[in-house]
Visitor: 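Could you have a look at this structure, given as structure tokens, before my questions?
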Amino acid sequence: MPVLRSARTFLGIVPFAAYIAAGLGAPAVAIAIGAFQSSANGGFTLFNIKTATRGVYLHGFETTLVVAVITAIVPGIVGFLVAYAIFTAKRGALLRRAVITASGVFAQFGGVPLAFLFIATLGTTGLATGWLTAIGFNPTAHGFNLYTATGIVVVYMYFQIPLMVLVMLPALEGLRPAWREAANNLGAGWWQYWRYVGGPVLLPSFLGCVLLLFGSAFSAYATAEALTSGSVPLTAIQIGSFLNGNVLAGQQNVGKALGFGMVVIIAVVMVFYAVLQRRSARWLR
């Protein structure tokens, strides 16, 4: 019966819906309420929001956005080129399988181990730093400092590029050979095919993947915290400082206001991502 079929379908999504409600919905509601709640009497206030959008906290948002934008665009372009190289390689090639497997591993590598890896390699006394200094090029003397926002950008490239490769490959594999054959039969060259066929089809997927990289970098915490010990004013690190008890009197809920700001930004990004994915899905089914 249709009613029983609908009931079975609904029951099938209940566990997932409960997980989303408990893991995402409830914390988001708690943060939204706390962001507008006074620390003194629990009443409604805009003090937390105003504080979170001024001074060092505003600078934290600006730094986080800059880092997220750079580590979304640059890995997006590099990752697309790598994905395209893999896509055009023979499917049974050992190199193709190795790159895909390595991308899956590197994309999930982060946190304290990744920070230690770069400190041991490109830190002040790192192995690669010592080698470069021995041949006459000292990165530190030329302005490179791993423990700054620039260093965070370099470290984020490590997992952002492989992530772009993984999420872009399915879109490339969705391009139908018949489209290229039809373009060639009509006299189109390589450039015309990508300008009028392949490019427009892949553009929504590419932009969606870049937005995904932006969200990944914008919300990252453990790697930057372990790398810089909180010296770089990223919003996620500032929220972590509140959770560790480094709170000024009367600003107990400012951390929730910062979290609310991040939720709003990520929500906007995910809305655009969903729109782009829906548009690209019409062609890449």
Side-chain angles (χ1 to χ4, degrees), residues 20-74 110-112 114-115 145-156 159-160 210-275:
I20 293 297
L24 294 177
V29 171
I31 289 174
I33 294 175
F36 297 95
Q37 192 173 43
S38 172
S39 302
N41 54 27
F44 177 83
T45 181
L46 293 177
F47 171 78
N48 302 320
I49 300 296
K50 292 179 180 179
T51 304
T53 54
R54 295 175 180 174
V56 65
Y57 303 119
L58 177 60
H59 180 54
F61 273 114
E62 292 172 348
T63 305
T64 305
L65 287 171
V66 170
V67 170
V69 169
I70 295 175
T71 55
I73 295 177
V74 177
V112 176
L114 180 60
N145 187 348
L146 184 64
Y147 312 110
T148 62
T150 302
I152 293 176
V153 168
V154 173
V155 174
Y156 280 10
F159 60 85
Q160 291 282 75
V210 170
L211 288 177
L212 187 65
L213 296 183
F214 174 87
S216 173
F218 184 78
S219 59
Y221 166 74
T223 302
E225 171 65 23
L227 183 70
T228 66
S229 299
S231 60
V232 177
L234 297 180
T235 302
I237 292 178
Q238 291 173 336
I239 294 175
S241 179
F242 277 95
L243 294 176
N244 291 331
N246 299 323
V247 183
L248 297 177
Q251 296 189 5
Q252 289 85 342
N253 285 339
V254 173
K256 294 181 180 178
L258 293 173
F260 179 73
M262 293 190 71
V263 169
V264 170
I265 293 174
I266 290 296
V268 172
V269 170
M270 289 299 101
V271 167
F272 281 105
Y273 173 75
V275 171

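Basis for what follows: all heavy atoms, side chains included, without hydrogens, waters or symmetry-related copies.
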Visitor: Report the distance from atom OG1 of Thr235 to atom CG of Leu65, rounding to the nearest 0.5 Å.
Guide: 7.0 Å
Visitor: Please name all residues satisfying side-chain hydrogen bond (donor to acceptor under 3.5 Å, both in side chains) with Thr71, sequence neighbours left out, ordered by chain then number.
Guide: none
Visitor: Quick one: pull up CG in Leu211 and CD1 in Ile266 and give me the separation to the nearest 0.5 Å.
Guide: 10.0 Å
Visitor: So, for Phe260 and Ala35, which heavy atoms are closest and what is the spacing to 0.1 Å?
Guide: CB-CB, 3.9 Å
Visitor: Report the distance from atom CD1 of Ile31 to atom CG of Asn253, rounding to the nearest 0.5 Å.
Guide: 11.0 Å
Visitor: Of the non-hydrogen atoms in Ala220 and Tyr156, which two are nearest, and what is the gap between them?
Guide: CB-OH, 3.4 Å
Visitor: Starting at CD1 of Ile239, measure out to NZ of Lys256 and round the result to the nearest 0.5 Å.
Guide: 12.0 Å
Visitor: Checking the side chain of Asn48 only, and the main-chain atoms of Ala257 only, is there a donor and an acceptor separated by less than 3.5 Å?
Guide: no
Visitor: If you apply the rule side chain to side chain contact (heavy atoms under 4.5 Å, CB included), what do you find for Val153 with Val74, and how did you get there?
Guide: CA-CA 10 Å; Val153 168; Val74 177; over 6 Å; no
Visitor: Would you please name every residue forming a side-chain hydrogen bond (donor to acceptor under 3.5 Å, both in side chains) with Ser216, sequence neighbours left out?
Guide: Gln160
Visitor: Only counting residues at least two apart or in another chain, list the ones meeting ring-ring contact (aromatic ring centres under 6.0 Å, His included) with Phe218.
Guide: Phe214
Visitor: Val155 versus Leu146: any side-chain heavy-atom pair under 4.5 Å?
Guide: yes
Visitor: Looking only at heavy atoms, what is the nearest atom pair of Ala149 and Thr63, with distance?
Guide: CB-CG2, 4.4 Å
Visitor: Which distance, rounded to the nearest 0.5 Å, do you find between the OH of Tyr57 and the OG1 of Thr51?
Guide: 7.5 Å
Visitor: What are the two closest non-hydrogen atoms of Ala22 and Pro27, and how far apart are they?
Guide: O-CD, 3.4 Å
Visitor: Any non-hydrogen side-chain atom of Phe36 less than 4.5 Å from a side-chain atom of Leu46?
Guide: yes
Visitor: Locate the shortest heavy-atom distance separating Asn41 from Gly43; write the atom from each residue and the value.
Guide: OD1-N, 2.9 Å
Visitor: Would you check if Ile265 and Thr64 make a side-chain contact, meaning some heavy-atom pair closer than 4.5 Å?
Guide: no
Visitor: Please find the pair of heavy atoms, one from His59 and one from Pro233, that lie closest to each other, and give the distance.
Guide: CD2-CG, 3.5 Å
Visitor: Applying the side chain to side chain contact (heavy atoms under 4.5 Å, CB included) criterion to Phe61, which one of Val66, Leu258, Leu234 satisfies it?
Guide: Leu258
Visitor: For Gln238 and Val56, indicate whether the former's side chain and the latter's backbone hold a donor-acceptor pair under 3.5 Å.
Guide: yes
Visitor: Taking the side chain as everything from C-beta on, heavy atoms only, tell me whether Val67 gets closer than 4.5 Å to Val232.
Guide: no
